[in-house]
Every structure is written in structure tokens, then in C-alpha cells.
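First comes the structure, then the notes that go with it.
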Number of protein chains: 2
Amino acid sequence: MKVLIADDDADLRELIAFTLGQAGYLVLKAADGPAAVQLFEHESPDLVLLDINMPGLNGFQVCEAIRRRSQVPVMMLTVRGEEEDLVRALGLGADDYLNKPFSPRTLLARLKALLRRAGVENNAPLAAGRIRLDLEEFTVTIGEGAPVRLTKLELRLLQMLLANAGHSVNSERLLVQVWGHRSGGDRQLLKQLVHRLRQKIETDPAAPALLRTAAAGYKLVVD
Amino acid sequence: MKVLIADDDADLRELIAFTLGQAGYLVLKAADGPAAVQLFEHESPDLVLLDINMPGLNGFQVCEAIRRRSQVPVMMLTVRGEEEDLVRALGLGADDYLNKPFSPRTLLARLKALLRRAGVENNAPLAAGRIRLDLEEFTVTIGEGAPVRLTKLELRLLQMLLANAGHSVNSERLLVQVWGHRSGGDRQLLKQLVHRLRQKIETDPAAPALLRTAAAGYKLVVD
DNA sequence: GGGGCCGGTCACAAACCGGTTACAGGCTCC
DNA sequence: GGAGCCTGTAACCGGTTTGTGACCGGCCCC
């Protein structure tokens with residue numbers, strides 16, 4: 001599990017890096033905005049910690065840049081009391097924030113919660129019931145069948161549903177997690193993606209047994 | 001999702017209540033400390049907004065009382081610049097704070113972030129007496145009967161009534177909470193919705209036993 | 001008794017929703 | 001530059017949900 005930490009305060013950066021390292025995470029460090037963006041593109045970390053005040057590009061700009069190409073969980077580090085910053089960060093698609101100063105224990109707890117929510121806590125092939133997802137190969141295997149190749153979006157959708165297997169997931173949330181649409185609204189995309197995914201994974205796409213329509217969203221049925 | 005708002009300033013209280021109501025939250029209002037504590041024990045809200053300056057018990061005392069029995073997220077409303085208050089509140093276990101004056105937008109953003117952080121899932125089946133509501137499945141179950149499917153509006157109405165089970169809820173308030181109409185006035189909608197809901201949940205829709213007409217509104221009868 | 005108000009009921013129209021088909025632009029890989 | 005895939009967009013269909021207008025009967029008050 002890779003975590004990118006971007007902060008220009010060397011002491012804090014090292015403290016965080018140490019904490020996360022101890023906890024078993026692989027840590028990538030950046031001292032300014034451009035470095036953060038570059039590292040992000042190179043290494044595609046599983047989670048990003050962003051300080052707001054950084055030279056080069058500030059945290060907002062980095063967050064925007066990241067959101068343009070990825071739904072990776074982003075946690076902002078803010079100075080307590082900067083109301084506007086907070087609202088702006090959350091508006092830009094940050095998933096959580098942490099007020100400085102914070103304890104390492106708090107950081108870890110929040111980080112884990114965030115990873116759990118994003119459904120990426122294990123990048124080993126996700127599985128539930130008869131469904132197994134291989135993120136490396138971009139394939140899904142149903143029961144004893146042959147692996148089926150998925151596209152990027154199909155994989156992401158299935159991953160989200162799998163992370164909440166058995167429970168219905170709100171369309172709104174799916175839109176946000178798969179496309180990063182802030183306000184949702186565009187149901188057509190989801191409709192279409194679900195349709196395409198069903199064609200691939202359902203024995204009878206007209207009567208879905210796995211990817212079922214639920215009130216206000218979809219859910220993955222596992223036995 | 002129930003939010004308890006405690007503030008002795010009636011204008012501010014109503015503004016907040018309106019904002020949250022529009023955003024789909026169920027709002028409980030308290031004008032002083034003791035009322036807040038009592039409401040908290042009665043209704044077990046999912047989040048609490050506390051003003052610091054209140055008659056009876058002040059925000060600190062209420063916060064302490066709440067913390068003695070629950071980990072529910074608490075957000076304090078503070079006057080900008082009162083550092084001491086802030087530190088004290090956070091020391092007492094408050095989770096976040098908001099400086100007055102604040103915009104509704106800010107309030108909502110912070111509140112959502114707090115709920116998200118607290119990991120509150122809003123799919124816990126609401127229940128009272130023989131009535132159980134499943135927000136994920138959009139169903140209601142009466143006693144031992146089979147779950148009945150509800151539409152979005154029916155669910156919202158029932159949720160409002162359930163949150164005030166046993167007490168009559170003003171038509172005006174229902175209109176605002178279910179449709180977001182600010183001026184109410186449109187009783188026909190409510191009439192119709194109640195009718196449709198009764199058809200689904202009453203054994204004899206002509207003689208309602210659960211969803212009763214009450215003075216100036218409706219109420220849910222629980223045994 | 002008559003009019004106004006209110007809640008309940010009915011019937012119909014409008015809006016919405018999910019599934020489906022079709023097509024076009026963009027991208028990658030030969 | 002062309003083939004093939006991936007993604008986004010539009011249009012259509014049938015079913016459900018929601019909004020609207022009309023009517024009825026009870027109640028209260030003048």
C-alpha cells in the first residue's frame with residue numbers, strides 16, 4: 001500500500017513518513033507541489049496526504065491535478081481555523097482533512113478509515129462469493145468460469161460494488177467514485193456502464209443475477 | 001440521518017434547521033441545554049450541533065453530558081476569537097467547531113465531512129414499535145409482515161413520522177422536509193402521498209391504525 | 001340552510017427512471 | 001492511415017412515480 005505525503009515542512013514530513021513506515025505502508029515523499037504531481041503520476045499511490053501551503057503548486061492545485069486523472073483518496077492537512085480552505089478543499093474533491101497539529105495515532109486512524117471507505121484496503125484480488133477481481137490483469141472471474149477482461153471503468157465500478165458486496169450502493173456515490181463527478185447528475189453514464197458490465201458478467205444479461213438494480217442504486221449479490 | 005441543533009438564538013436555530021432540512025436531514029431543535037440533553041436521550045441523533053452560550057446548561061456541560069454516554073459526533077458553534085472556549089470544547093471531546101457567523105454552505109460541508117469521518121452509515125434501519133424502516137432497500141416492515149416496497153417520497157415521509165413516532169407532525173413541516181417547499185401551501189401533495197402510503201402499510205386503509213390524522217398534521221401511532 | 005374549509009378519494013397527465021439500441025469521437029496499436 | 005476498442009451522447013420504450021384537478025362528505029360558523 002503506497003502513500004504519497006506532500007509537505008514542505010521537512011520535520012513534519014519525516015515524522016509522518018516514520019509513522020506510516022512503522023505501520024507497514026510504503027511512503028513516497030514530496031517537498032513541493034510539482035514534485036508531488038510528478039511522483040503521483042509515476043508511482044500511482046493508493047492514498048495522498050497533501051499539505052495546503054506548499055511552494056510551487058499549493059495543495060489545492062495539486063488536488064485538482066490529481067482529481068483530473070484519478071479517484072485516489074486525498075486527505076488534506078489544514079491549519080485549524082482556516083474555514084475557507086477547508087470548504088475549498090472538500091469542494092475540490094478531497095475526501096477528508098486533518099487539522100494540524102495531530103497525533104500519529106489520529107493520522108493512522110483517519111487514514112485507515114479513508115482507505116476502508118475507498119474500498120482499496122487490499123490490492124490483492126478482491127473477492128466475494130463467486131466473484132474474484134484481479135486488478136493487475138483487469139479481469140473478473142465468476143465461479144469456475146474463465147476470466148473476463150474488463151475496461152478501466154468497468155473494473156472501477158465492479159470494485160466499488162465488491163467493496164460493498166451485498167449492500168446497495170447509491171448511484172450518486174458510484175458516479176463520484178468511478179468518474180469523479182462532483183455533483184453526480186449524469187445517470188446516463190452509469191446506466192450505460194452497468195449495461196456493458198452486465199453483458200460481460202451475467203449469464204443472462206436481461207435478468208441480472210449478480211449486478212442487481214436496487215433502490216437508489218445498484219448492488220452486487222453474493223450468496 | 002438525525003441532527004440535533006441546540007442554540008438559544010431562535011433565528012439562527014431556524015436558519016440552520018431550514019438549511020439542514022433542505023439537505024435532507026431530520027432536524028431536532030433545542031433552545032437550551034436541558035432541552036438538548038433530553039432530546040438527545042430521547043432521539044439519539046447521529047450528530048449534534050451545540051452553541052456554547054445557552055441558558056440552563058451551557059454547551060460545554062451539554063457536551064460533557066453527551067460524551068458520558070455516547071461517541072456521537074459533536075460540532076460546537078463558537079464566536080470567532082474565543083480561543084479558550086475552543087480549546088476547552090475540543091478537550092471535552094467535541095469533534096469539530098464552527099466559527100459564527102458561518103454560511104449555510106460552510107455548515108453543510110463541515111457537517112458532511114464530520115459524518116463521513118465518523119463513519120456514520122445512514123442505512124441503519126430506523127424503527128419504532130412494530131415499524132421498521134430499511135433505508136437501503138426502500139422498504140418498511142410492519143410487525144411480522146413481509147417488507148413493503150416504498151417510493152422515494154413515501155420513504156421520506158415515513159422517515160419523518162418515524163423520527164417523531166407517537167407525536168403529531170405539522171403538515172407544514174412535512175411539506176418542507178419531504179419536498180423542500182419552503183412556503184408549504186401545497187396540501188394536496190401531502191394528502192395524496194399520505195393516501196398512497198396508507199394503501200401500502202395499513203391493513204384497512206379506510207380506517208388508519210398507524211398513520212393517523214392529527215391536529216394540523218399526521219402522526220405515527222406506535223404501541 | 002348555505003357556504004367555506006378540510007381531509008379523503010379518484011382519474012388522468014406529466015415527469016422520471018432504468019434498460020436498450022445506435023452512433024460518433026478519441027485513443028492505441030499496427 | 002486504418003482497424004478495433006473504449007467511452008460518451010442521444011433517442012426510444014415501457015413501467016413507475018409524482019403532480020394536478022375534480023368531486024365527495026363531514027364539520028363549523030354565520
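Since this is a predicted model, take the numbers as computed values, not measurements. Within every chain, numbering begins at 1; the chains are lettered A, B, ... in the order of the sequence lines, protein sequences first and strands thereafter. Computed over heavy atoms, backbone and side chain alike; hydrogens, waters and symmetry mates excluded.
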Would you say A:Phe138 and A:Glu154 make side-chain contact, with heavy atoms under 4.5 Å?
-> no
d(CZ, B:Arg149; P, D:dT18) in whole Å = 12 Å
Given atom CG of B:Leu189 and atom P of D:dA22, what is their separation to the nearest angstrom?
-> 16 Å
Side-chain (A:Gln199) to main-chain (A:Arg196) donor-acceptor, under 3.5 angstrom = no
Atom CG of B:Leu175 and atom P of C:dC6 are separated, to the nearest Å, by 14 Å
Length of the line joining A:Leu193:CG and D:dC5:P, which is rounded to integer Å = 18 Å
Do B:Leu190 and B:Val178 come within less than 4.5 Å of each other through their side chains, counting heavy atoms only?
-> no
Between A:Glu154 and B:Leu150, which has a closest nucleotide on DNA chain D that is more 5'?
-> A:Glu154
Angle separating the five-pair end axes of the helix from C:dG1-D:dC30 to C:dC30-D:dG1, nearest 10°, is 30°
Rounded distance (nearest 0.5 Å) linking atom CG of A:Leu211 with atom CG of A:Leu158 = 7.0 Å
Could you tell me whether the side chain of B:Asp32 and the main chain of B:Ala35 form a donor-acceptor pair under 3.5 Å?
-> yes
So what does A:Leu153 hit on the nucleic acid, given a heavy-atom distance under 4.0 Å: a base, only sugar-phosphate, or nothing?
-> sugar-phosphate
Rounded off to whole Å, could you give me the CG-to-C1' distance for the A:Leu157 and D:dC6 pair?
-> 15 Å
Gap between atoms CD and C1', on B:Glu202 and C:dT9 respectively (whole Å) = 15 Å
Separation of atom CG in B:Leu211 from atom P in C:dG7, rounded to whole Å | 14 Å
The side chain to side chain contact (heavy atoms under 4.5 Å, CB included) partner of B:Thr19 among B:Leu108, B:Leu111, B:Val27 is B:Leu108
Could you run through nucleotides 14-30 of chain C and give me one letter per nucleotide, 5' to 3': B if any protein heavy atom sits under 4.0 Å from the base, S if only the sugar-phosphate is that close, - if neither?
-> ----BBBBB--------
Hey, is the main chain of A:Leu210 close enough, under 3.5 Å, to the side chain of A:Glu202 for a donor-acceptor pair?
-> yes
Count the heavy atoms belonging to other residues, nucleotides or ligands that lie under 6.0 Å from NZ of A:Lys2, then report whether that count exceeds 12.
-> yes
